[in-house]
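These notes concern the structure reproduced below.
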Amino acid sequence: MSMPSVKRVLLKLSGEVLMGAQQFGIDPATVAELAGEVKAAKDSGLEICLVIGGGNIFRGMAGAAQGMDRAQADYMGMLATVMNALAMQNALEQLGVQTRVQSAIQMDEVCEPVIRRRAERHLEKDRVVIFAAGVGSPYFTTDSGAALRAAEMKCDALLKGTSVDGVYDDDPKKNPNAKRFETVSYDRVLADNLKVMDASAVALCRDNDIPIVVFSIREKGNLARVLTGEGVQTIVRKEG
Ligand code: UDP
């Protein structure tokens with residue numbers, strides 16, 4: 001299945017992929033490898049917006065399950081995404097890629113606030129823009145943040161780099177007969193509650209006609225392969 005033709009993409013990386021083989025936190029060697037993948041994609045001529053999750057450090061739901069106030073726990077989760085964004089910024093800049101971090105929670109000493117026109121200018125100047133802190137509100141996830149920024153920045157596709165190689169009709173870790181979709185419609189993902197991104201993120205992509213490309217970022221070189229239509233992936237789009 002060939003990729004839609006893309007010039008500007010939003011790449012969403014779940015926080016977990018930054019852990020490498022660790023159980024928690026940031027593995028600098030893994031972040032450096034991921035940065036290399038991003039650089040290769042950028043060198044192929046793409047404009048790249050990045051959103052990174054925070055699940056390798058803190059998830060609001062996990063805090064709430066242990067008795068924390070949900071909104072308070074979500075603020076902590078959002079701060080975790082800023083840490084990951086700064087780690088990725090550092091790794092990209094060590095490879096000579098110019099970047100800017102824009103956070104939905106203002107922290108002027110550390111990074112810029114989210115300003116769409118400024119982000120546009122950064123892309124024009126060949127910089128990678130890393131959007132941190134999701135949508136800036138509790139009760140959301142970085143998937144929703146990714147869908148929102150993809151729409152706002154008029155990205156041609158949302159690439160979701162995760163630890164599975166696409167969308168399956170059942171959990172492939174539990175069911176060996178689970179089948180991977182080549183393409184699947186937004187409506188089927190929502191109706192069957194398929195594990196892609198949370199429903200609000202999928203609905204936002206559907207309403208703005210942004211294809212979601214789900215692929216494994218753990219395999220070296222896979223981002224570049226997916227972008228040339230050679231990799232293994234699932235594309236979520238209007239027609240399944
Ligand atoms: N979060 C939030 N609002 C947002 C984005 C994130 O409250 O707009 C919080 C939420 O607690 C979430 C955590 O930040 O659990 C980390 O983000 P996420 O779980 O999306 O990270 P990922 O699963 O992609 O690593």
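Everything quoted here is computed from the prediction, not taken from an experiment. In what follows, residues are counted from 1 in the order of the sequence shown. Atoms within a ligand are numbered from 1 in the order they appear, just like the ligands themselves.
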Please confirm whether [X] comes within less than 3.5 Å of ligand 1 when only nitrogen or oxygen atoms on both sides are compared.
X: Thr81; answer: no
X: Asp143; answer: no
X: Asp74; answer: yes
X: Gly134; answer: no
X: Lys12; answer: yes
X: Gly55; answer: yes
X: Ser137; answer: yes
X: Gly54; answer: yes
X: Ala73; answer: no

Does ligand 1 have any atom that is closer than 4.0 Å to a heavy atom of [X]?
X: Ser144; value: no
X: Gly145; value: no
X: Met76; value: no
X: Met61; value: no

* Asked: How close do Met19 and Asn56 get, heavy atom to heavy atom, and via which atoms?
  -> CG-CB, 3.4 Å
* Asked: If every non-hydrogen atom of Cys49 is compared with every non-hydrogen atom of Leu123, which pair is closest and at what distance?
  -> SG-CD1, 3.9 Å
Does the pair [X]/[Y] count as a salt bridge with the N-to-O cut at 4.0 Å?
X: Asp74; Y: Arg70; value: yes
X: Lys42; Y: Asp126; value: yes
X: Lys195; Y: Asp171; value: no
X: Glu120; Y: Arg8; value: yes
X: Arg180; Y: Glu182; value: yes

* To do: Assess whether atom CD of Glu124 is packed by more than 12 heavy atoms of other residues, nucleotides or ligands within 6.0 Å.
  => yes
* Asked: Does atom CZ of Phe140 have more than 12 heavy-atom neighbours from other groups under 6.0 Å away?
  -> no
Need the ligand 1 atom indices (1-based, order shown) with element for anything under 4.0 Å from a heavy-atom of [X].
X: Gly53; value: 21 (O), 22 (P), 24 (O), 25 (O)
X: Gly15; value: 22 (P), 24 (O), 25 (O)
X: Val135; value: 4 (C), 8 (O)
X: Ser14; value: 24 (O), 25 (O)
X: Pro138; value: 7 (O)

* List the steps and the verdict of side chain to side chain donor-acceptor pair (under 3.5 Å) for Asp198 and Ser144. => CA-CA 7 Å; Asp198 49 72; Ser144 293; 3.1 Å; yes
Protein heavy atom at shortest distance from [atom]:
atom: atom 20 (O) of ligand 1; result: Thr142 OG1, 2.5 Å
atom: atom 2 (C) of ligand 1; result: Phe140 O, 3.1 Å
atom: atom 12 (C) of ligand 1; result: Gly60 N, 4.0 Å
atom: atom 5 (C) of ligand 1; result: Thr141 C, 3.3 Å
atom: atom 14 (O) of ligand 1; result: Gly77 C, 3.0 Å
atom: atom 23 (O) of ligand 1; result: Arg59 NH2, 2.7 Å

* Asked: So how far is it from Ser103 OG to Ile130 CD1, rounded to the nearest 0.5 Å?
  -> 12.0 Å
Same cluster (ILVMFWY, side-chain, under 4.5 Å), [X] and [Y]:
X: Val17; Y: Leu11; value: yes
X: Leu92; Y: Leu227; value: yes
X: Val82; Y: Val38; value: yes
X: Val9; Y: Val97; value: yes

* Asked: ligand 1 versus Phe58, non-hydrogen atoms closer than 4.0 Å: side chain, backbone, both, neither?
  -> backbone
* Part of Ala80 with heavy atoms under 4.0 Å of ligand 1, whether side chain, backbone, both or neither -> neither
